[in-house]
Every structure is written in C-alpha cells, then in structure tokens.
Amino acid sequence: MRMAKLFGRTVREVPADAEFPSHQLMVRAAMIRPLGAGIYSLMPLGYRVIRKVEAIIREEMDRIGGQEMLMPFVHPAEIWKETDRYYLVGPELTRFKDRGSREMVLAMTHEEVVADLLRTDVNSYKQLPQIVYHLQSKWRDEPRARGGLIRVREFTMKDSYSLDMDEAGLDESYRAHEVAYNRIFNRFGLDFIKVGADVGMMGGSKSEEYMAFSPMGEDTILICENGDYAANREVAVFQSFPQSDEEMLPLEEVETPNASTIQGVADYLNVPLSHTAKAVFFMAGEQFVFVVIRGDLDVNETKLRNLLDAGDLVPATAEQIAAVGAVAGYASPIGVHDATVVVDQSVANARNLVAGANKHGYHVINSNVGRDYEADYIADISAATAGHLCPNCGQPMIARRAIEIGNIFKLGTRFTEAMGATYLDQNGKSHPVVMGSYGIGVGRSAATAVEQYHDDRGIKWPITIAPFHVSLLSIGKDADVLEACDALYDSLTASGVEVLYDDRNERPGVKFNDADLIGNPIRLSISRKTLDADEVELRLRTDDQSINVPQEGIVPHIRQLIDGLMAEYVSLA
RNA sequence: CGGGGCGUAGCGCAGUCCGGCAGCGCGCAGCGUUCGGGACGCUGAGGUCGGAGGUUCGAAUCCUCUCGCCCCGACCA
C-alpha cells in the first residue's frame with residue numbers, strides 16, 4: 001500500500017476523550033475512528049489488523065473441527081422469550097419493533113439461534129458432536145462504553161458453540177477449545193492467563209476467562225505464583241482464617257463518640273481492623289440482607305448474590321436500614337429484625353469482635369455470632385485480595401489487573417431444554433443437546449495487544465497481527481532514490497511481503513514518526529546515502545538501532561527475517 | 001440510574017464570570033525556501049459557537065428546555 005493513497009491520516013493530537021493508550025494510539029495511527037459512544041469505524045489500517053486476528057481465529061477453530069457459519073444479527077424476540085433471557089437481561093439488550101410491530105432484538109450472543117437450529121436440523125445422535133462458530137457483530141448497550149476498542153457497544157465477537165450428547169462429550173469439546181484458545185492468544189502475542197470465573201445467570205456448570213494482563217484492565221484477578229490457582233476476583237476464594245480458640249468474653253457496651261466508620265472505631269478502641277465486625281446492607285428484591293464481615297475485608301457481591309440466589313442485589317437505603325432496627329454507623333445484627341443475616345466465615349471463625357450497638361455513639365466489644373445474634377447463613381462472601389492465602393497451597397496470592405479477551409463456558413442443557421432442542425439416542429430415547437459456548441473479542445484482542453506492546457512513540461505490533469510486515473520509507477526527493485524505493489516495493493510485494501510504502505512528499509522526520517506510530521515490525525529506508533552504498537537501512541520496531549544491509553539479496557533477506565519473527569509466535573502456539 | 005464536567009473550524013483549545021468585530025495552535029490549499037526524527041515564510045479556504053425557545057437595541061456569553069459526549073460511582077458479558 002502506498003501511503004500517499006491511504007485512506008485516513010495519522011494525527012498528532014488525540015481526541016480529548018481518549019484515555020487508554022490503545023485508544024489514543026489507534027486513533028492517532030488512523031486505525032479507528034469513532035462514530036458514536038462505543039461505536040467505531042475500522043479504517044483500512046485497523047481493519048487489516050482485525051482481519052489478521054480473524055484469520056488466526058479461523059485457523060485454530062478449524063483445527064479443532066469447528067465449522068464456520070454466519071447467524072443473523074437481528075433476532076425475533078420470541079426465541080429470547082423462550083429462554084427467559086428476554087426478561088432476565090437488562091437494558092443492554094436492545095429491543096425494538098419492526099414495521100409490522102413484531103418484537104425484535106439486536107443480538108448480543110447467539111445461544112438461542114443455535115438452539116433453534118438444533119430443533120430443526122439435529123435430531124439424531126448420528127449428527128453429534130459438532131462445533132459451529134461465527135464471527136459476527138454483537139450489540140450490547142453498555143452503560144459506559146470507553147477505552148476505544150477495549151469496551152465498545154458494537155463489536156465483533158468470535159462465538160462458538162459445542163453440541164454434544166452428554167457431559168463427557170462437553171468435557172472434550174471444552175478441552176478442545178482450551179487448546180485452540182491457548183494457540184490463538186499465543187499467536188496474538190498476548191501475555192495472558194486462564195482464570196476461574198462466575199457462571200452468573202447463564203446457569204452453566206463451569207466458566208473460565210482468558211485474561212490479558214494490563215494495568216488498564218477492568219477486572220482484578222488473584223493468582224497463586226505456584227501456578228495452582230488463578231481466579232477472577234468475582235469468584236476468587238482463599239484459605240479461611242483459622243478458628244479462634246479464645247474464650248468468649250462477656251458482651252459489653254462501650255461509648256464510641258464520632259466513630260461511625262469501622263476504621264474510626266478501630267482507631268478509637270485501639271484494636272486491629274481484623275478484630276472488628278463490619279455491617280453492610282443490601283436489598284435482595286424485597287428482602288433486607290444484613291451482612292457481617294470482618295472489618296479488614298470487603299464483601300464480594302458476586303459471592304453474596306450466588307449464595308442468596310438473588311437476581312438483583314442493591315445497596316440498602318438509609319430508610320431501609322432504619323426499618324430493621326439498625327443504626328447506620330453503629331450497626332450490628334444484635335437486636336435487628338426482619339433481616340436475612342449473612343455472616344462471613346471470617347467473623348464466624350473469630351471471637352470477641354467489636355461490633356455496633358445499634359445505638360448512636362456506642363459499640364459493643366466481645367460480640368460472638370451464635371451467642372449474641374443468630375446467622376441465617378455462614379459462608380464465604382468476602383473479596384479476596386493480594387496477600388490472602390492460596391486455597392490450594394497456602395502461599396500468599398498476588399492481584400493483577402487484566403482485560404478479558406475470551407471466555408469458555410459449559411452451558412449444559414439450559415438453552416436446549418428451554419427450547420426443546422433434543423436428539424434421539426441409539427435406543428430411541430430423547431435427550432436435550434448439551435451445549436458449550438466460547439467467545440473471543442476480536443477488536444478487544446487487537447486493542448489489548450496495543451496495550452501490551454507500545455512505547456511513547458507508538459504501537460509495536462506483534463508481526464502476526466501487524467497491519468503490514470514492513471514500512472518502507474523513501475528519504476529525500478532524489479529521483480533515483482524514489483525509483484529504488486518503487487522497485488523495492490514492487491519486488492517485496494511480488495514475493496508476498498506486506499509493505500506499507502511511505503511515498504509521500506514528506507520530510508524524513510514525519511515519515512519516521514508515522515512509521516513508529518503505526519508500528520509495523522520492520523522498517524526499511526532508502527536515502528541518498530544508503531543508495532550510494534548499495535544498501536538499505538533496516539530497523540526493527542522493537543530495536544533502537546538500525547543496520548544497513550546490502551541491496552543485493554534484500555528480498556530473501558526480509559522474507560527470512562519475517563519468517564524468523566513469525567516463528568517466535570508459532571512456537572508458542 | 002446518581003454525582004461532576006464538556007459541546008466554539010477536521011483535531012486540540014481560548015473567549016462565557018462581567019452581553020458589543022468569533023479567535024489561537026495544529027492540520028488543509030497555493031507559492032517560495034528547506035529536506036535523516038513531526039521545518040520556515042507569505043497568502044488563503046474553512047464556523048447554523050450542539051439544537052430549540054426566551055430576555056435584550058444587541059446573545060458563543062444571561063434564562064428555560066433539549067440533544068450529544070466524557071469522567072467517577074451504581075449496574076453489567
């Protein structure tokens with residue numbers, strides 16, 4: 001591609017709203033352009049990256065026997081009603097009516113469509129197992145789209161669906177996807193990890209996420225450095241604190257003026273936070289939920305929601321708190337009524353904690369669950385943080401931020417049962433098809449690569465997904481320099497090398513800066529000086545030194561260089 | 001949904017408090033000088049000041065409504 005003809009220009013200044021490095025750099029490099037909140041055009045340069053990402057996904061999905069197809073982006077609402085998701089999913093599912101007043105939705109995923117296809121096209125065990133996949137637009141009306149391609153509302157996702165006769169078959173399909181996903185993300189060059197995740201309202205039996213490390217990540221993951229545990233903070237567990245063997249001491253009320261925060265109470269009474277019981281209030285529908293947790297821990301709302309099997313869980317209001325007899329700032333379950341009391345195991349394992357007295361300006365010391373108040377649930381509902389002990393080996397865990405780039409999910413028969421997608425086994429007996437679903441964010445993967453590979457000058461694409469292998473720059477305006485560049489461009493292109501040829505009438509500084517910004521892995525330049533020496537200057541985007549190589553044999557040289565760079569990713573895969 | 005902020009040339013911004021010629025930088029076009037890390041000079045094009053209504057002799061500026069966008073929180077594959 002000749003840059004003089006390229007649609008889209010690089011820009012020096014970035015839109016004020018771009019926060020993430022990948023957002024800024026991809027806009028500056030003319031790869032993406034916003035159309036609305038969370039809605040982007042992929043410019044020619046950016047779309048080349050996306051197509052490479054998609055090509056790698058296709059290769060690896062085909063390798064595990066996936067069959068590519070394409071399912072619609074607009075669905076009749078009816079199938080979403082059949083599985084209840086029409087009602088369960090919030091406003092991120094966009095609903096509308098067509099001209100005939102028929103209810104429709106914009107696809108955010110395709111389980112229903114797959115199940116619908118199964119009803120008509122798969123009736124026999126002879127037609128199973130199967131893996132189907134597609135690369136299709138999705139629309140999720142996120143409350144807060146941000147960060148360029150990291151979190152958008154319209155996006156392309158690879159979603160695949162495994163269709164098996166039974167759980168054993170699902171296990172196999174799931175493992176096949178693990179293999180494929182490992183290869184895919186390694187070929188993208190990403191630094192990632194697979195972690196345990198929440199199954200949420202999808203109701204499946206197992207879910208794991210592929211997480212790429214990035215300080216810009218919206219998720220926190222807990223990792224045991226021994227390699228025997230890694231989980232999203234939403235579900236991460238840790239070794240519970242040992243049961244205290246202290247004697248229970250008499251409950252005693254103490255005055256704690258102006259100590260309405262747990263830290264304030266701990267300071268005032270000069271006890272560690274871990275020796276206090278903190279009260280947190282939620283409403284699960286109409287039910288008031290009174291959570292008691294050790295003062296040094298935070299509630300993990302996902303764990304709490306799963307424990308209570310509560311669809312929605314929202315913080316309680318001041319009125320709701322007062323209505324059960326609790327005094328905000330000085331609250332404990334002692335003497336409250338009409339509340340579901342959930343006690344974290346950290347509190348149950350401790351003795352003689354400081355807690356609220358439900359009286360303004362007073363706390364109690366030596367509170368003990370079971371003696372001073374009853375728990376409806378005693379469970380692990382606390383959020384794991386760095387330093388908590390690995391549930392498997394007991395070593396302290398670390399916490400890292402990460403971007404979710406893919407997930408794999410054992411759905412089971414949640415959808416096929418609801419939609420009557422069954423097959424007949426050898427004995428003529430009917431069973432629901434057992435499904436798995438597996439996603440990869442295409443644009444997000446590309447943007448995540450930028451997050452992981454950039455410097456202050458621009459992007460440093462892994463060669464597997466770079467828009468071009470080579471940036472070729474003509475330096476100066478001498479006719480024979482330009483001729484030499486044209487010739488090199490033609491011969492490289494003819495041999496299959498992808499070249500972005502900066503043939504613009506620009507000063508060298510502009511060209512160098514744009515080449516660094518766009519981030520193709522190999523840069524070649526020809527100038528008066530190099531031409532006179534029958535050489536071409538070569539520089540890798542990852543290096544800060546350039547070398548001159550003879551013009552003679554340059555094409556095979558570059559081909560070899562590309563193969564070598566590619567090999568690094570293939571060997572990982 | 002709650003809180004905060006911003007909409008002025010393609011991009012980044014000033015001007016708004018205190019009403020009175022719509023500006024600056026980058027980019028863009030032309031000419032000239034320059035040419036190995038985002039050059040310089042001259043000339044020029046480019047604006048419903050997000051939109052609607054109101055106040056006023058006069059509104060980018062004040063008032064009301066509205067739309068869009070961003071940030072924090074809530075929520076969420």
Side-chain angles (χ1 to χ4, degrees), chain A residues 8-20 23-24 27-30 33-39 85 88-93 107-111 138-148 150-153 155 157 159 197-204 207-211 218-219 232 234 282-283 301-302 305 311-317 403-409 411 437-441 444 456-458 473-478 481-482 502 504-518 523-531 537 539 544 546 548:
Chain A
R9 274 189 327 224
T10 60
V11 289
R12 221 177 293 191
E13 284 176 298
V14 304
D17 52 37
E19 298 247 309
F20 287 44
H23 187 187
Q24 296 177 354
V27 168
R28 286 191 53 211
R33 289 288 181 256
L35 183 63
I39 309 174
R85 287 167 105 193
L88 292 172
V89 178
E92 63 268 27
L93 176 67
M108 27 186 291
T109 176
H110 285 77
E111 284 81 5
K138 302 280 186 284
W139 172 262
R140 292 183 191 174
D141 197 355
E142 297 283 350
R144 274 187 66 206
R146 60 180 156 189
I150 300 280
R151 190 170 183 81
V152 288
R153 294 196 291 172
F155 58 101
M157 180 174 172
D159 39 328
D198 183 31
V199 294
M201 75 176 150
M202 300 278 276
S207 170
E208 289 169 295
E209 297 169 328
Y210 286 80
M211 290 288 191
E218 295 187 286
D219 288 286
N232 193 312
E234 287 187 342
F282 297 93
M283 295 301 296
E301 288 187 35
T302 304
R305 186 176 288 116
D312 58 330
L313 193 68
V314 295
T317 64
I403 298 167
E404 183 195 343
I405 46 176
N407 64 10
I408 54 179
F409 208 126
L411 290 178
S437 81
Y438 315 85
I440 293 178
R444 185 184 278 189
D456 54 358
R457 310 197 61 81
L473 318 188
S474 61
I475 304 299
K477 291 199 290 195
D478 294 340
V481 167
L482 297 181
D502 196 343
R504 297 174 302 172
N505 183 14
E506 289 286 355
R507 296 162 56 85
V510 173
K511 295 190 178 188
F512 290 136
N513 278 301
D514 275 346
D516 287 346
L517 176 60
I518 292 166
R523 190 185 81 190
L524 298 174
S525 348
I526 296 181
S527 66
R528 172 84 269 145
K529 223 184 319 176
T530 66
L531 186 63
E537 182 190 275
R539 179 152 156 179
D544 48 11
S546 43
N548 288 340

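Everything numeric here is computed off the predicted structure, so don't read it as measured data. The sequence lines fix the lettering, A, B, ..., with proteins before strands; numbering per chain opens at 1.
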Among the nucleotides B:rG37, B:rG38, B:rC13, whichever has the atom closest to the side chain of A:Thr10 is B:rG38

Of B:rC69, B:rC11, B:rC28, the nucleotide closest to the side chain of A:Arg9 is B:rC28

In Watson-Crick or G-U wobble terms, with both distances under 3.5 Å, the base opposite B:rA74 is none

Using a 4.0 Å heavy-atom cut-off, does A:Thr530 contact any base of the nucleic acid, only the sugar-phosphate backbone, or nothing at all?
base

Re B:rC62: Watson-Crick or G-U wobble partner, both distances kept under 3.5 Å, found to be B:rG54

If pairing means Watson-Crick or G-U wobble with both distances under 3.5 Å, then the partner of B:rC18 is none

Between the base of B:rC35 and the side chain of A:Arg528, is there a donor and acceptor pair under 3.5 angstrom?
no

Open item on the list: What contact category does A:Arg28 fall into here, base, sugar-phosphate, or nothing, at under 4.0 angstrom with non-hydrogen atoms?
Closed with: base

* B:rC76 phosphate, OP1 or OP2: any side-chain N/O from A:Arg305 under 4.0 angstrom? -> yes

Paired to B:rG7 by Watson-Crick or G-U wobble criteria (both distances under 3.5 Å) is B:rC67

### Query
So what does A:Asn513 touch, heavy atoms closer than 4.0 Å: a base, only the sugar-phosphate, or nothing?
base

Requested in this report: Determine whether A:Val27 and A:Pro15 make a side-chain contact, defined as any pair of heavy atoms from C-beta on separated by less than 4.5 Å.
Outcome: yes

Applying ring pair (Phe, Tyr, Trp, His ring centres under 6.0 Å) to A:His23 and not counting sequence neighbours gives A:Tyr40

Partner of B:rG38 under the Watson-Crick or G-U wobble criteria, both distances under 3.5 Å, comes out as none

Check your understanding: Reckon A:Glu218 touches a base, only the sugar-phosphate, or nothing at all at heavy-atom distances under 4.0 Å?
Key -> nothing

By side chain to side chain donor-acceptor pair (under 3.5 Å), A:Asn407 pairs with (sequence neighbours left out) none

Review point. So what does A:Lys477 hit on the nucleic acid, given a heavy-atom distance under 4.0 Å: a base, only sugar-phosphate, or nothing?
Key: base

Of the candidates B:rG12, B:rC71, B:rG37, the side chain of A:Ala16 sits closest to B:rG12

Side chains of A:Thr302 and A:Asp198 only: does a donor on one sit below 3.5 Å from an acceptor on the other? no

Under a 3.5 Å limit on both distances, the Watson-Crick or wobble mate of B:rG44 is B:rC28

Counting any heavy atom closer than 4.0 Å, what does A:Glu537 reach on the DNA or RNA strands: base, sugar-phosphate only, or nothing? base

Under 4.0 Å, heavy atoms only, any strand: does A:Arg151 hit a base, just the sugar-phosphate, or nothing? base

**Message:** Any side-chain N or O of A:Arg12 below 4.0 angstrom from OP1/OP2 of B:rG27?
**Reply:** yes

Of B:rC13, B:rU34, B:rG38, the nucleotide closest to the side chain of A:Arg507 is B:rU34

Of the candidates B:rG27, B:rG37, B:rC11, the side chain of A:Arg523 sits closest to B:rG37

